[in-house]
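Note that the numbering runs from 1 along the sequence shown for the chain.
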Amino acid sequence: MLKFLYTTIFCGVYLCPIISHGKGKEFSQHEMAKYRERIKSMFYHAYNNYLDNAYPYDELRPLTCDGQDTWGSFSLTLIDALDTLLILGNHTEFQRVASLLQDTIDFDIDVNASVFETNIRVVGGLLSAHLFSKRAGMDVEEGWPCSGPLLRMAEYAARKLLPAFQTPTGMPYGTVNLLRGVNPTETSVTCTAGVGTFILEFSTLSRLTGDPVFEDVARRALRALWRTRSDIGLVGNHIDVLNSKWVAQDAGIGAGVDSYFEYLVKGAIMLQDEELMLMFKEYDKAIQNYTKFDDWYLWVQMHKGTVSMPVFQSLEAFWPGLQSLIGDINSATRTFHNYYTVWRQFGGLPEFYSIPQGYTVDKREGYPLRPELIESAMYLYQATGDPTFLQLGLDAVESIEKISKVNCGFASVKDIRDHKLDNRMESFFLAETIKYLYLLFDPDNFMHNSGTEFDLGGPQGDCVLGAGGYVFNTEAHPLDPAALHCCSHAQEERRELQDMLLSLSKQSGPTRDQSEKEASGDRDLSSLGAAESIVLKPGERRKAPVLSCPVQPFRARLSVLGQVFSDNT
């Protein structure tokens, strides 16, 4: 325990000053506070209208002041908004909603649900709420964060998704019926992101609960997808999960692919997994070689590298933020400024933007209040202190309030050219857009904690938790890597004790833990030999995936130092 606390003090006191940056001088503390209050008002205008007009439906329809189910009838906006409530400082409402969800949400329903969306929004939202429950003042179970009602809800929801992974390749179907499993007529074609966007939530579940099945299926899907890349190192947009054949062969960083690359980087950070980072670096080489033109990223044919679509998609605006996490600040800043010029042109980002023509693409003129450019601004401001990124936040507040605000909430923009509105407010507006805006203007928020504050928890009550270094899933639900380390370490100690007792009792044969793994056919990726590794060269061995400094913010390890794995920290 003392050693762990010394590590905490070292990371918080000695490392953080090395990577700290000055705040933008153009924005005073008073101005920052003023914009935080405006963003809070935006949140509550949307949130209260959802409660008054749309609950228990998934989403608010702000033009008609009613609600609709969109992703499975989970009261999705409540789940997505829960951790935002805490970040805004509203502990009372967090407690009320967390209790309400435990009493009302039912996953035993005859509904066809998106495996991808249910994972990032529902499983991710419940995991984040579970990890924040103690900070929010809720009574937590003994042994938290390795147990708790919200964790059990997340686990149950994820189990409903597992039938989708029962394919010959291990890559999941796109849709599953929560009551009956995969429909026999379900299409086997899904997008790349729908295969590669599970490692954060599923490994969190496995490390917290001790059940390896979730992390195992997520890793198997990643390995299968890795093997399908083309000879020039690119992946396409849609794949058949039964035979690994590419159906859509456009390669890029936007819609249908985006969060796959995001999860390789963030999975490497959260799990201290060198192999995931090596995967991303190999992809990044191909992306830079074949898709990058003048700090824009185009779409190319995955086998030939020839340009297929010279467009920028709004979903691609996450990329500068991701680049900042691997230390590529200069390239991230240049690309961000390209995307920012599009925002300034329209007051938002159209879904598709033709780079040669400098204008929107027909039938892709909408702006559904997406968060990606604001997300990148938050990361880059944290990494550089450059007030330019605050200016984007200011523009976003002004644009969204002027264009999208209506009596019953905020409406998606159907056409960014004339600002016609659509009757929808997606749940990610409260989960991501508002959250990233608020954190951009609140550099002292606990989410930016540099290790100077922490809590204790775990089975023995001696784990350092909540000390910063949170990893956001692709729906902006924060996960605490230290909690994973805490619970998996306790589980490992129990297994070691069990094996010792078995050895002392002179029972021959493999331990029960080994027997269970062999019987199930599942193996942890860390146990793969060099010859079986999907990334490492012959003869190379994996480094031990130790969380060497669990309270050091991941932006400190990456955005400035440009490294994840520091053996001597």
Side-chain angles (χ1 to χ4, degrees), residues 70-72 74 76 80 111-125 157-178 181-183 185-203 205 214-229 234-267 276 279-280 283 299 302 313-316 318 322 351 370 372 426-428 432 473-477:
T70 52
W71 295 113
F74 304 126
L76 187 60
D80 251 354
V111 167
N112 293 322
S114 164
V115 180
F116 170 84
E117 299 290 353
T118 304
N119 176 57
I120 66 170
R121 302 192 195 213
V122 178
V123 178
R159 289 197 185 280
K160 293 291 187 177
L161 306 181
L162 289 179
F165 290 83
Q166 295 174 6
T167 65
T169 65
M171 293 188 282
Y173 284 97
T175 302
V176 66
N177 185 284
L178 298 180
V182 177
N183 191 306
T185 62
E186 177 64 30
T187 177
S188 59
V189 176
T190 191
C191 67
T192 306
V195 174
T197 308
F198 294 92
I199 193 64
L200 290 184
E201 298 84 2
F202 276 30
S203 62
L205 273 174
F214 302 105
E215 186 169 345
D216 285 347
V217 298
R219 286 189 180 275
R220 186 181 177 216
L222 285 177
R223 294 197 293 267
L225 197 52
W226 171 255
R227 296 189 189 101
T228 65
R229 68 197 188 283
L234 296 172
V235 289
N237 199 275
H238 280 75
I239 193 168
D240 190 315
V241 302
L242 297 183
N243 57 27
S244 301
K245 301 295 184 184
W246 286 103
V247 177
Q249 298 187 3
D250 295 304
I253 60 170
V257 185
D258 48 359
S259 54
Y260 171 43
F261 298 135
E262 177 186 2
Y263 271 41
L264 289 178
V265 172
K266 292 182 175 179
L276 295 179
M279 284 185 191
F280 176 78
Y283 280 129
W299 288 84
M302 66 177 288
Q313 298 179 355
S314 62
L315 284 170
E316 297 171 15
F318 85 102
L322 192 68
E351 293 286 69
R370 291 198 186 278
E372 283 76 17
E426 292 213 44
S427 66
F428 61 64
E432 299 185 77
N473 86 337
T474 198
E475 190 78 1
H477 294 306

For [X] and [Y], test the side chains for any donor-to-acceptor distance below 3.5 angstrom and give the result as yes or no.
| X | Y | value |
| --- | --- | --- |
| Asp250 | His238 | no |
| Ser259 | Thr197 | yes |
| Arg121 | Ser427 | yes |

For the residue pair [X] and [Y], establish whether any side-chain heavy-atom pair is separated by less than 4.5 Å.
| X | Y | answer |
| --- | --- | --- |
| Tyr263 | Ile120 | yes |
| Leu264 | Leu222 | yes |
| Val235 | Trp246 | yes |

Plane angle bin for Phe202 and Phe165 - parallel if under 30°, tilted between 30 and 60°, otherwise perpendicular: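 Ring orientation of Phe165 relative to Phe202: tilted.
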Stepwise side-chain contact (heavy atoms from CB on, under 4.5 Å) test for Trp71 and Val122: CA-CA 10 Å; Trp71 295 113; Val122 178; over 6 Å; no
Answer with yes or no after comparing the ring centroid distance for Tyr283 and Trp226 against a 6.0 Å cut-off, counting only values under it.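 Between Trp226 and Tyr283, which both carry aromatic rings, the centre distance is below 6.0 Å.
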Against Arg370, only a single residue in Glu432, Glu316, Glu351 fulfils salt bridge (charged side-chain N to carboxylate O under 4.0 Å, His left out); can you say which?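 With Arg370 as partner, Glu432, Glu316, Glu351 yield a single salt bridge (charged side-chain N to carboxylate O under 4.0 Å, His left out), made by Glu351.
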Derivation and outcome, side-chain contact (heavy atoms from CB on, under 4.5 Å), residues Tyr173 and Asn183: CA-CA 10 Å; Tyr173 284 97; Asn183 191 306; over 6 Å; no
Run Thr190 and Met171 through side-chain contact (heavy atoms from CB on, under 4.5 Å) and show every step you take. CA-CA 9 Å; Thr190 191; Met171 293 188 282; over 6 Å; no
